[in-house]
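Below is one structure, written out as structure tokens, with a few remarks after it.
For clarity, every value in this text was computed on a predicted model and none was experimentally measured. Because only heavy atoms are used, hydrogens play no part in the values below, and waters and symmetry mates are left out as well, while side chains stay in. Every chain is numbered from 1 and lettered A, B, ... according to where its sequence line falls, protein lines coming before strand lines.
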Amino acid sequence: MKPTFAIVDCNNFYASCERLFRPELKNMPLVVLSNNDGCVVARSQEVKDLGIKMAVPVFKILDKVKRHKIEVFSSNYRLYGDISARVMQTLEQFSPHVEVYSIDEAFLDLSGIAALNDYGQKIRSTVLQHVGVPVCVGIAPTKTLAKLANYAAKKFKATRGVVDLRETERQKRLLKITPVSEIWGVGRKYTLSLQRLGINTALDLAQMNTREIKRLYSVVLERTVCELNGESCIDLEKTSPKKQQIVCSRSFGEKLTHYAGVRTAVCEFAARATEKLRGQNRLALMVNVFLRTSPFDKTGPNYANNATGKLICPSSDTRIIMALVARLFDMIWQEGYRYAKAGVMLGDFCSPDQVQFDLFDRQPDQQQNDRLMQAVDSINQSGRGKIWFGGQRPQQDWFMKQANLSPAYTTRWSSIPEVK
DNA sequence: TCTGGGGTCCTAGGACCC
DNA sequence: TCTGGGGTCCTAGGACCC
């Protein structure tokens, strides 16, 4: 039997989250900014209609913000993460298999369900009622076509937010009027290259010879072509795959020039990354540190570098990983630059029960270390205070700019809204 | 003045093996 | 004159996603 996929995608997700607790902002223009209040990462419909593009630096649109009284928010990932979890939980009642694809999207297996258009409408109204976030639903025999159906559900108001794209004729009509750049898996580079070959619409791409596409591009794009033709190549991920790397990096609120400041930052990243690692119950063998100046900074020379090191045996101990991070940092640190960003990456993971201990490395009591790290994590997550290691200093000068942060409405007792 | 953060997968090429 | 073939593993870099 042919599978049926649905993708449920929240409309203007971050903007919708901010609106949930500020209902007076309904129908008002609103944007959410990236970390450091740098770029626009989410826009309400009103802002999209003003022609403000995704990812534009906010300093370029300040005049529009003023003129149209656009409400500006710093990103509040605690809030968005919590609202996202509620949406996903609501979706579970509609399918035995829900794959959370991103913070605001999920694929559902709807194979064997009849009256799919009504079913899609039911999903929309339920999520709206239970969580308050508007969503659109795209339904099709492949994931790529489902994404396309979702695009149409968002774009064309007459669809009332649900498009069932199981019929081949309907697929063709939609493919014909969709620019190839809108297809899932076709990014900026591929779009340019395809256009040079005269492939402008999604239908042009769907009609290409798959072998030719594989030769010219990759097996990934070949799969996309098959999927556009109704042949399902990308399955639903029924269990969330284990992470293969963990990155913690930030742009600095202001440029840093001193050794101590940047070193503190990378030690902080090491602590955060290791915390995430323990959250996944994994150990890391590979550690990478990188730093760079801003490519936009014309006031001085640019510099970017990174260094990779391997631990003798896999670990999730903040003290061990932070020590290596500090050593790697010293290898790439150069005096005399205005640093804009740095980060720590962990990789080469294994489970705690697969560890091969080094014959010559004197293992201190492993259980004791684990208990120490558990204690650190539980204190830091309790909200009652923080403890940290030597290299770190909490909330230093490099810390993010967040001038317009909304309250933690759903995750902090003191910030829960009151009804009077 | 001011430009995000965190991921995945694939490929090409070099080192190395027999 | 004629100078193998096939495989693995690793890394860097490039494409994509949200």
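In this structure, A:F269 and A:F252 have parallel ring planes: the angle between them is below the 30° cut-off, well short of the 60° mark. Between A:Y303 and A:Y337, the two ring planes are parallel [angle under 30°; tilted spans 30° to 60°]. Using cut-offs of 30° and 60° for the angle between ring planes, the A:Y80 and A:Y77 rings count as perpendicular. Ring geometry for A:Y409 versus A:F21: interplanar angle under 30°, hence parallel rather than tilted (30 to 60°).
For the segment residues 53-83 of chain A, no residue has any heavy atom less than 4.0 angstrom from an atom of DNA chain C. Near DNA chain C, defined here as any heavy-atom distance below 4.0 Å, the residues from residues 176-187 of chain A are A:I183, A:W184, A:G185, A:V186, A:G187, listed numerically.
When the nucleotides B:dG6, B:dG7, B:dT3 are ranked by their closest atom to the side chain of A:Q245, B:dG7 comes out on top. The listed nucleotides are B:dG6, C:dA15, B:dC10; the one nearest the side chain of A:Y190 is C:dA15. Residue A:Y101 places its side chain closer to C:dC18 than to any other of B:dC9, C:dC18, C:dT11. Closest to the A:V219 side chain, of the nucleotides B:dT11, B:dG6, B:dG5, is B:dT11. Taking the side chain of A:S251 as heavy atoms from C-beta on, and the options B:dG5, C:dC18, B:dG6, the nearest nucleotide is B:dG5. Closest contact between the side chain of A:S249 and the listed nucleotides B:dG6, B:dT3, C:dC18 involves B:dG6. The side chain of A:K243 sits closest to B:dT8 out of B:dT8, C:dC18, B:dC9.
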Exercise. After noting the C-alpha distance and the side-chain angles of A:F329 and A:Y259, does the key distance pass the ring-ring contact (aromatic ring centres under 6.0 Å, His included) rule?
Worked result: CA-CA 10 Å; A:F329 172 72; A:Y259 172 85; 5.6 Å; yes
For this session: With pairs defined as Watson-Crick or G-U wobble and both distances under 3.5 angstrom, please note down DNA chain C as a dot-bracket string, | for pairing with another strand.
Result: ....||||||||||||||
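A salt bridge does not link A:K176 with A:D204: none of the charged nitrogens is closer than 4.0 Å to a carboxylate oxygen. A:K154 has no carboxylate O lying under 4.0 Å from a charged side-chain N of A:E182, or vice versa, which leaves the two without a salt bridge.
Contact annotation for A:D104: backbone-only contact, meaning every heavy-atom pair under 4.0 Å involves sugar-phosphate atoms and none involves a base. Looking at heavy-atom distances under 4.0 Å, A:L221 makes no contact with the nucleic acid at all. At the heavy-atom level, A:Y217 lies nowhere under 4.0 Å from the strands shown. Here A:K298 lies out of heavy-atom contact (under 4.0 Å) with every strand. If you check every strand for non-hydrogen atoms under 4.0 Å, A:K255 touches sugar and phosphate atoms only.
When atom types are taken as modelled, the side chain of A:D297 and the backbone of A:N302 share no donor-acceptor pair closer than 3.5 angstrom.
In this structure, the ring of A:Y190 has its center no less than 6.0 angstrom from the ring center of A:W184.
Of the residues near DNA chain B, A:V247 and A:D297, the one whose nearest nucleotide (by heavy atom distance) lies more toward the 5' end is A:D297. Position along DNA chain B of the nearest nucleotide to A:Y14 versus A:E237 favours A:Y14 as the more 5'-ward residue.
For the pair A:N306/A:T308, a side-chain contact is recorded, criterion being any heavy-atom separation below 4.5 Å from C-beta on.
We find the NZ-CZ distance between A:K143 and A:F5 to be 6.5 Å, quoted to the nearest 0.5 Å.
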